[in-house]
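By convention in this document, chain letters (A, B, ...) are assigned in the order of the sequence lines, proteins followed by strands, and residues within each chain are numbered from 1.
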2 protein chains.
Amino acid sequence: MSEIERGRGVALWSQISGILASEILKGQPRQGAQLPSAQELAARFDVNRHTVRRAIAALEERNLVRTEQGRGSFVQEQTMDYLISRRTRFAQNMRNLNVEADMEFLEEAREIAPPKVAQALGLGRHEYVYRIETLDHADGHVVDYSTAYFPVARFPDFPAVYRRLRSVTRALAEFGVADYERKHTRVSARLPDAHTARLMKQPASRPVLHVQSINVDTRGMPVQYGITRFSGDWVQLVLMAGH
Amino acid sequence: MSEIERGRGVALWSQISGILASEILKGQPRQGAQLPSAQELAARFDVNRHTVRRAIAALEERNLVRTEQGRGSFVQEQTMDYLISRRTRFAQNMRNLNVEADMEFLEEAREIAPPKVAQALGLGRHEYVYRIETLDHADGHVVDYSTAYFPVARFPDFPAVYRRLRSVTRALAEFGVADYERKHTRVSARLPDAHTARLMKQPASRPVLHVQSINVDTRGMPVQYGITRFSGDWVQLVLMAGH
DNA sequence: TTTCATTTGTTCGTATGTATA
DNA sequence: GTATACATACGAACAAATGAA
């Protein structure tokens, strides 16, 4: 079985480029790792070295690969700049990055607010919150695994609205929260627990950015408390001055 | 010999709390480790379980201990909140935290700016920068390992001034930079390389917060490019809205 | 899946010490 | 000195969560 087909109307370099791109996006070889030499790739696909070079040039064009003269080609470290500002919106971030974003609902629950959550949201003891767990993908990668809490009293049946609109911003708007902003953000680096690593499809030995955040409405009342675990491999937080 | 004294005007729970606090601060038991059960502690101090509970409640209040129902009480992992804002100053941060800060100069060099550094500082190719490596301690722990770059042309003999004044802020002031602020900050989570792990006295398996920052003067000209690696165990970055 | 021991959390009651009007 | 309020300390019983058998 040959991986590529000749005379199918798709140039060989293009097919090879596609195969290598999908392998890289699947994480094999890893970021920063060296690609097989042009010679070896030529042998693998049974084409001329020039054809391989043309394929790699296409990958460089897509910023998936970086080649260094005399050393070899390497999988370009991809970092997605995730902008943190007073007005942080996931969807907007993804649009800015020009990637295909996709959200997956994992779980929703109605439960008594854990102490930390209650404190963050300014709730009393024994008050209820919705806990909503989501996975965000972009370009086929897991960007983050997020746990968000919303007070039940203020946002009855929030999960249903969120599911329907697929956006925190629009869901909150439906409850009359026209605008909200980050009150604060806490960032730490840690190793994911087994559950998190599995969900994020990454080894437990790779660190994640652990971000706790509180969003408040225009009157300063907390509307959302969230924990977002960003893939350390793919995401870099960017904090801008001003905004 | 009894560890606590009754009827001396100091409540039993307060004495017990003090003893446990000093043990924890000495690192025994260590961070994350489980405390003896309330039952065992009651036996050790020969008091009622309630009294021990009161003592532990005080430790929770001081954020030295975390207790989980059905599991036990654990020494709270201490994180130092490191405030990132437009006007981030290490010394100020440490003063706010009320800890003994201490800086150690590791290395200084005069070298041609690496491409990334040149770009960040707005320098041309082949321009020189000072590279200064420091270790910051607080309360006996390594807080961060920092590499800072300053353009040689604008700040001749910067390292000597920095060494003398032991403060970036004051050293820059001596060169006429009355004020500066963060242009931006990039944060990622990664595993330290062997060199970094050794310097920071932490295992290479524990992640660090990798922070790249650019400080600019009031006219917007970059004055410093830096890479700071914060101990993931001890430091949590806090990003406040507004300021 | 069930059972069981361990541990923390909560709520009674009782007694005593301490400060204050 | 007396009355009152409050914090401290102990005892017993039970509820709730956890983890291991």
Value in whole Å for how far the [atom2] atom of [N] lies from [atom1] of [X]:
X	N	atom1	atom2	answer
B:Leu41	D:dC10	CG	P	14 Å
B:Glu60	C:dT8	CD	C1'	10 Å
B:Gln15	D:dA9	CD	C1'	13 Å
B:Gln69	C:dA5	CD	P	19 Å
B:Arg66	C:dG9	CZ	P	12 Å
B:Leu12	D:dG11	CG	C1'	16 Å
B:Phe45	D:dC10	CZ	C1'	17 Å
B:Arg53	D:dG11	CZ	P	16 Å

Is the phosphate of [N] approached by [X] (side-chain N or O, under 4.0 Å from OP1 or OP2)?
X	N	answer
B:Arg49	D:dC10	no
B:Asn48	D:dG11	yes
B:Arg71	C:dT6	no
B:Thr51	D:dC10	yes

I want to verify a distance call: between C:dT8, D:dA9, D:dA12, whose nearest atom is closest to the B:Ser73 side chain? C:dT8

Could you work out which one of D:dA12, D:dT8, C:dT8 sits closest to the side chain of B:His50? D:dA12

Partner nucleotide, any strand, of D:dG1 [Watson-Crick/G-U, under 3.5 Å]: none

So, A:Phe150 versus A:Phe158, ring centres under 6.0 angstrom or not? yes

Within 45 degrees of the axis of the six-membered ring of A:Phe105 and under 6.0 Å from its centre: does A:Arg163 put its NZ or CZ there? yes

Which part of the nucleic acid, if any, lies within reach of B:Arg6 when heavy atoms closer than 4.0 Å are counted: base, sugar-phosphate only, or nothing? sugar-phosphate

Any side-chain donor paired with an acceptor under 3.5 Å for B:Thr169 and B:Tyr180? yes

Less than 4.0 angstrom from a charged side-chain N to a carboxylate O is my criterion; do B:Glu23 and B:Arg44 meet it? yes

From CA spacing to verdict: side chain to side chain contact (heavy atoms under 4.5 Å, CB included), B:Tyr225, B:Thr147: CA-CA 9 Å; B:Tyr225 170 72; B:Thr147 304; over 6 Å; no

